[in-house]
Amino acid sequence: MINFSQLAQKYQTPLYIYDFNKITEQYESLKVAFKARKAILAYAVKSNSNLSVVKHLAKLGAGADCVSIGEVRRAFMAGIPKYKIIFSGVGKQDDEIKEALESDILFINLESEAELGRVEMIAKDLGIKARISVRVNPNIDPKTHPYISTGLHGNKFGVDLNMAKRMYLKAKNSENLDPVGIHFHIGSQLTELEPIREAAVIVADLVRTLQAVDIELKFFDVGGGLGVTYKDEVTIDPKEYAQAILGTLNGLDMTIMCEPGRFITANAGHFLTRVMYEKQNDEKRFVIVDGGMNDLLRPALYSAYHRIEALDNDGETSLADIVGPVCESGDFFAKDTQLPSFKHNDLIVVHSAGAYGFGMGSNYNTRGRSAEVAIEDGKDRLIRRRETFEDLIALEEEFIK
Ligand code: LLP
């Protein structure tokens with residue numbers, strides 16, 4: 001049990017709190033599910049890139065799925081070995097590609113033919129052979145929120161099957177490219193197994209086709225996307241997930257990679273905020289808290305649901321919106337929710353905030369980002385201090401002098 005009021009007193013609010021034991025539990029449950037095969041769980045750093053979180057996962061043996069050179073650097077700093085780090089993303093810059101190649105990470109995941117050309121050129125300049133994979137877009141509807149669906153041809157991610165084949169042939173014939181992996185990721189917060197299975201079948205078939213022309217891939221990367229329960233979603237069982245994927249790989253001797261983000265961190269994280277005021281605009285009741293959309297953007301951006309817990313109060317309830325101090329009508333955590341009446345400084349917990357919470361935060365309205373705290377074996381520790389006004393102006397100040 002997390003003692004939220006003690007943490008609020010010690011670290012102030014708004015505050016992100018991560019249960020590291022829960023992170024371990026989630027990681028291990030997936031690791032066990034894949035134990036029948038060689039598997040690398042490359043944690044999707046974007047879901048929560050706090051160095052202490054990544055370090056915790058490094059100690060558990062995780063790899064890292066990165067989408068910028070900044071994330072690659074974080075993975076290294078956190079102690080993830082280079083042979084477990086991969087680098088994806090549709091828009092990698094030349095200097096990012098160069099640094100990734102120089103750091104000798106496991107592979108670069110290519111998302112277009114044009115990018116293949118750049119990577120080849122940079123590898124040539126460096127006099128090396130770049131290990132690559134191709135992100136295949138299998139044109140499967142993952143049945144999730146359109147903003148987090150990635151496996152349809154209407155999405156910007158990956159390349160279609162024909163293009164993938166062409167890229168592998170080009171890579172095979174290149175002095176400076178070494179095709180070692182294949183990758184797909186059809187979307188995030190997936191709660192249905194069938195689309196994942198269908199995508200895996202398509203991609204495994206492509207692996208077999210490539211074998212026929214002497215292209216032997218070693219890594220079968222199924223991306224991330226495992227959904228979690230925010231409200232009452234029925235989620236995919238990790239064992240069934242692993243079975244479904246393994247089932248498509250008959251006769252293929254490949255290391256499985258997967259890139260879980262949300263599955264590892266979402267429900268390990270809580271966002272703690274204090275009630276400042278209540279107000280009534282005619283019929284409509286608002287509870288105004290000290291956290292805002294700059295801290296946790298998901299409700300504003302995706303109309304995402306996050307369970308709200310009123311800590312100090314369980315009296316009679318009425319419908320209200322929980323809103324933050326940011327100057328935007330989209331600045332809310334919950335709408336038309338039954339809530340008790342609050343006093344100044346009462347605490348509210350916004351649950352399932354460990355993934356895509358802090359990381360999608362901003363300094364909008366010149367608001368410093370919240371502090372982050374880890375709880376492990378009943379002990380709490382600060383893992384990122386609260387941003388101050390001085391932090392926010394540090395990069396501008398010299399220019400007005
Ligand atoms: N691998 C790739 C290639 C990805 O694009 C993503 C997520 C992941 C792995 C990790 O997916 P996960 O296991 O966390 O579902 N901000 C959105 C989610 C964006 C996901 C982007 N890609 C949200 O708050 O729901």
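For the single chain, residues carry numbers from 1 onward in sequence order.
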Undergrad: Any non-hydrogen side-chain atom of P238 less than 4.5 Å from a side-chain atom of F34?
TA: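 A side-chain contact is absent here, since even the closest heavy-atom pair is not under 4.5 Å.
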Undergrad: Just so I know, are the side chains of I383 and Y18 near enough to count as touching, which here means a heavy-atom distance under 4.5 Å?
TA: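 The answer is yes; the side chains approach within 4.5 Å.
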Undergrad: Counting only heavy atoms not in K284 (residues, nucleotides, ligands), do more than 12 fall under 6.0 Å from its NZ?
TA: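 Yes, NZ of K284 has more than 12 neighbouring heavy atoms, counting only those of other groups under 6.0 Å.
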Undergrad: Should the pair E376-R381 be classified as a salt bridge under the 4.0 Å nitrogen-to-oxygen rule?
TA: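 The answer is yes: the pair qualifies as a salt bridge.
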Undergrad: Do side-chain atoms of N137 reach the backbone of F157 as a donor and acceptor pair under 3.5 angstrom?
TA: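 At least one qualifying donor-acceptor pair exists.
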Undergrad: Can you measure from NZ (K231) to OH (Y305) and round to the nearest 0.5 angstrom?
TA: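 K231 NZ to Y305 OH: 5.5 Å, rounded to 0.5 Å.
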Undergrad: Just by modelled atom types, is the V350 backbone N or O under 3.5 Å from a matching donor or acceptor in the R307 side chain?
TA: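 Such a contact is absent between R307 side chain and V350 backbone.
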Undergrad: Is there a donor-acceptor pair under 3.5 Å between the side chain of R386 and the backbone N or O of P14?
TA: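 Indeed, once roles are kept as given, a pair shorter than 3.5 Å links the two residues.
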Undergrad: Would you tell me whether S318 and R285 have side-chain atoms, one donor and one acceptor, within less than 3.5 Å of each other?
TA: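 Looking only at side-chain atoms, R285 and S318 do form a donor-acceptor pair, the distance falling under 3.5 Å.
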Undergrad: Please lay out, stage by stage, how I182 and F220 fare under the test side chain to side chain contact (heavy atoms under 4.5 Å, CB included).
TA: CA-CA 5 Å; I182 194 158; F220 190 82; 3.8 Å; yes
Undergrad: May I ask you to test the L106-I86 pair for a side-chain heavy-atom distance under 4.5 Å?
TA: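 L106 vs I86: side chains touch.
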Undergrad: To the nearest 0.5 Å, what is the distance between CG on L60 and CD on E25?
TA: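 Nearest 0.5 Å value for the CG-CD distance: 12.0 Å.
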Undergrad: Contact between M254 and K218 at the side-chain level, heavy atoms closer than 4.5 Å - yes or no?
TA: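 No, their side chains stay 4.5 Å or more apart.
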Undergrad: Tell me, yes or no, whether the heavy-atom count around D253 atom CG, taken from other residues, nucleotides or ligands under 6.0 Å, exceeds 12.
TA: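 12 or below, so no.
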Undergrad: Salt-bridged, E99 to R73, with N to O below 4.0 Å?
TA: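 Yes, charged N to carboxylate O under 4.0 Å.
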Undergrad: Atom CG of D65 and atom CG of D221: how far apart are they, to the nearest 0.5 Å?
TA: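 Result: 7.0 Å between the selected atoms.
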Undergrad: Do Q189 and Y230 have side-chain heavy atoms sitting under 4.5 Å apart?
TA: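 Side chain of Q189 against side chain of Y230, heavy atoms only: contact under 4.5 Å found.
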Undergrad: Using modelled atom types only, decide if a donor and an acceptor are shared between the side chain of E240 and the backbone of Q243 within a distance under 3.5 Å.
TA: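 No.
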Undergrad: Does K279 count as lying over the ring of Y277, i.e. NZ or CZ under 6.0 Å from the six-ring centre, within 45 degrees of the axis?
TA: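 Ring-cation test returns no.
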Undergrad: State whether K10 and D380 are salt-bridged, where the test is any N-O pair (Lys NZ or Arg NE/NH1/NH2 against Asp/Glu carboxylate O) under 4.0 Å.
TA: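 Judged by the 4.0 Å cut-off on N to carboxylate O distance, K10 and D380 do form a salt bridge.
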Undergrad: Applying the ring-ring contact (aromatic ring centres under 6.0 Å, His included) criterion to F271, which one of F333, F358, F4 satisfies it?
TA: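 Between F271 and the candidates, ring-ring contact (aromatic ring centres under 6.0 Å, His included) is satisfied uniquely by F333.
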Undergrad: Classify the side-chain pair N109/S88 by whether it contains a donor and acceptor separated by less than 3.5 Å.
TA: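 A pair is found: one side chain offers a donor N or O, the other an acceptor, under 3.5 Å apart.
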Undergrad: Hey, is E175 close enough to K129 for a salt bridge, meaning N to O under 4.0 Å?
TA: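 Looking at E175 and K129, the cut-off is not met.
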Undergrad: Do T24 and N21 have side-chain atoms, one donor and one acceptor, less than 3.5 Å apart?
TA: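 Not at all, the side chains of T24 and N21 share no donor-acceptor pair under 3.5 Å.
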Undergrad: Side chain to side chain contact (heavy atoms under 4.5 Å, CB included) for L15 and V373? Distances and angles first, verdict last.
TA: CA-CA 8 Å; L15 184 68; V373 165; 3.7 Å; yes
Undergrad: Please check: side-chain N/O of E278 versus main-chain N/O of F342, any donor-acceptor pairing under 3.5 Å?
TA: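 Yes; at least one donor-acceptor contact below 3.5 Å.
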Undergrad: Could you tell me whether a side-chain N or O of D19 sits under 3.5 Å from a main-chain N or O of K22, the two making a donor and an acceptor?
TA: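 Checked: pair present.
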Undergrad: Would you say the side chains of E328 and Y364 form a donor-acceptor pair under 3.5 Å?
TA: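 Yes, because at least one side-chain N or O of E328 sits under 3.5 Å from a partner of the opposite role on Y364.
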Undergrad: Under 6.0 Å between ring centres, would you say that holds for H270 and H351?
TA: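 Ring centres of H351 and H270 closer than 6.0 Å.
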Undergrad: Just do the side chain to side chain contact (heavy atoms under 4.5 Å, CB included) check on L126 and E102 with the steps written out, would you?
TA: CA-CA 8 Å; L126 294 172; E102 283 170 340; 3.6 Å; yes
Undergrad: Establish, for the pair K46 and Y356, whether the NZ or CZ atom is under 6.0 angstrom from the six-membered ring centre and no further than 45 degrees off its axis.
TA: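 No, cation not above the ring by the 6.0 Å, 45° rule.
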Undergrad: Considering only heavy atoms from C-beta outward, does the side chain of E216 approach that of V180 to under 4.5 Å?
TA: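 E216 vs V180: side chains apart.
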Undergrad: Is any side-chain N of the basic residue among R367 and E387 closer than 4.0 Å to the acidic one's carboxylate O?
TA: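 Looking at E387 together with R367, the answer is no, because their closest N to O distance does not fall below 4.0 Å.
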Undergrad: Would you name the heavy atoms of P138 and I186 that are closest together and state the gap between them?
TA: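 Looking at all heavy atoms of both residues, the closest pair is CG-CG2, 3.7 Å.
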Undergrad: When you compare the side chains of H185 and E259, does any donor N or O come within less than 3.5 Å of an acceptor on the partner?
TA: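 Their side chains do not contain a donor-acceptor pair, so the 3.5 Å distance test is not met.
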Undergrad: Quick one: CE on M167 to OG on S133, what's the gap to the nearest 0.5 Å?
TA: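 These two atoms lie 9.0 Å from each other.
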Undergrad: What heavy-atom pair brings D331 and M293 nearest, and what distance separates the two atoms?
TA: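 Taking every non-hydrogen atom into account, OD1-N, 2.6 Å.
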Undergrad: Drop me the distance from I108's CD1 to L101's CG, to the nearest 0.5 angstrom.
TA: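 Rounded to the nearest 0.5 Å, the CD1-CG separation comes to 4.0 Å.
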Undergrad: Using side chain to side chain contact (heavy atoms under 4.5 Å, CB included), reason through V287 and D321 one step at a time and then give a plain yes or no.
TA: CA-CA 6 Å; V287 176; D321 288 5; over 6 Å; no
Undergrad: Quick one about R385 and Y11 (side-chain donor to acceptor, distance below 3.5 Å, no hydrogens or angles considered), yes or no?
TA: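 No - no donor-acceptor pair under 3.5 Å links their side chains.
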Undergrad: Which pair of non-hydrogen atoms, one from S362 and one from R369, has the smallest distance, and what is that distance?
TA: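 What the structure gives for the nearest pair is O-CG, 3.9 Å.
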Undergrad: Would you confirm whether T337, through its side chain, and A334, through its main-chain N or O, come within 3.5 Å as a donor-acceptor pair?
TA: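 Answer holds: no.
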Undergrad: Without hydrogens or angle criteria, can the side chains of R262 and S188 be said to hold a donor-acceptor pair below 3.5 Å?
TA: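 Distance-only check passes for R262 and S188.
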Undergrad: Got more than 12 heavy atoms from elsewhere within 6.0 Å of CD, E316?
TA: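 Check fails, neighbour count at 12 or below.
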Undergrad: Regarding D95 and K98, does a basic nitrogen lie under 4.0 Å from an acidic carboxylate oxygen?
TA: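 K98 and D95: not salt-bridged.
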Undergrad: Compare every heavy atom of P299 with every heavy atom of F332, then report the nearest pair and how far apart it is.
TA: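 That closest heavy-atom pairing would be O-CB, 3.2 Å.
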Undergrad: As a quick check of understanding, evaluate side-chain hydrogen bond (donor to acceptor under 3.5 Å, both in side chains) for E372 and N50, giving each step before the final call.
TA: CA-CA 9 Å; E372 294 175 287; N50 183 289; 2.9 Å; yes
Undergrad: Would you check if the side chain of N267 reaches a backbone N or O of T229 as a donor-acceptor pair within less than 3.5 Å?
TA: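 Answer holds: yes.
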Undergrad: So do L272 and I348 actually touch side chain to side chain, heavy atoms under 4.5 Å?
TA: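 I348 does not reach L272 side chain to side chain.
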Undergrad: Heavy-atom count around R197 CZ within 6.0 Å, excluding the residue itself: above 12?
TA: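 Atom CZ in R197 is crowded, with more than 12 foreign heavy atoms closer than 6.0 Å.
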Undergrad: Just wondering, do L41 and I264 contact through their side chains at under 4.5 Å, heavy atoms?
TA: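 No. Closest side-chain heavy atoms not under 4.5 Å.
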Undergrad: Where is the tightest heavy-atom contact between T191 and E233, given as atom of each residue plus distance?
TA: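 Scanning both residues, the minimum pair turns out to be CG2-CB, 4.3 Å.
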Undergrad: Assess whether atom NZ of K31 is packed by more than 12 heavy atoms of other residues, nucleotides or ligands within 6.0 Å.
TA: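 Correct, the count exceeds 12.
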Undergrad: If you look at every heavy atom in N294 and G368, which pair is closest and at what distance?
TA: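 Result for this residue pair: ND2-O, 4.3 Å.
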Undergrad: Return the CG to CG distance between L226 and L190, rounded to the nearest 0.5 Å.
TA: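 Nearest 0.5 Å value for the CG-CG distance: 7.5 Å.
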Undergrad: If you count every heavy atom of other residues, nucleotides or ligands that lies below 6.0 Å from K172 atom NZ, does the total exceed 12?
TA: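 Yes.
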Undergrad: Taking only distance into account, with no hydrogens and no angle test, what donor-acceptor pairs under 3.5 Å do side-chain atoms of residues 75-85 form with protein atoms, sequence neighbours excluded?
TA:
residue: K82; atom: NZ; partner: D104; partner atom: OD2; Å: 3.2
residue: K84; atom: NZ; partner: G61; partner atom: O; Å: 2.9

Undergrad: Return yes if some donor-acceptor pair links the side-chain N/O of T273 with the main-chain N/O of G291 below 3.5 Å, else return no.
TA: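 The answer is yes, because a donor-acceptor pair under 3.5 Å joins these two groups.
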Undergrad: Within the side chain of E96, is there an N or O that forms a donor-acceptor pair under 3.5 Å with the backbone of I69?
TA: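 Present.
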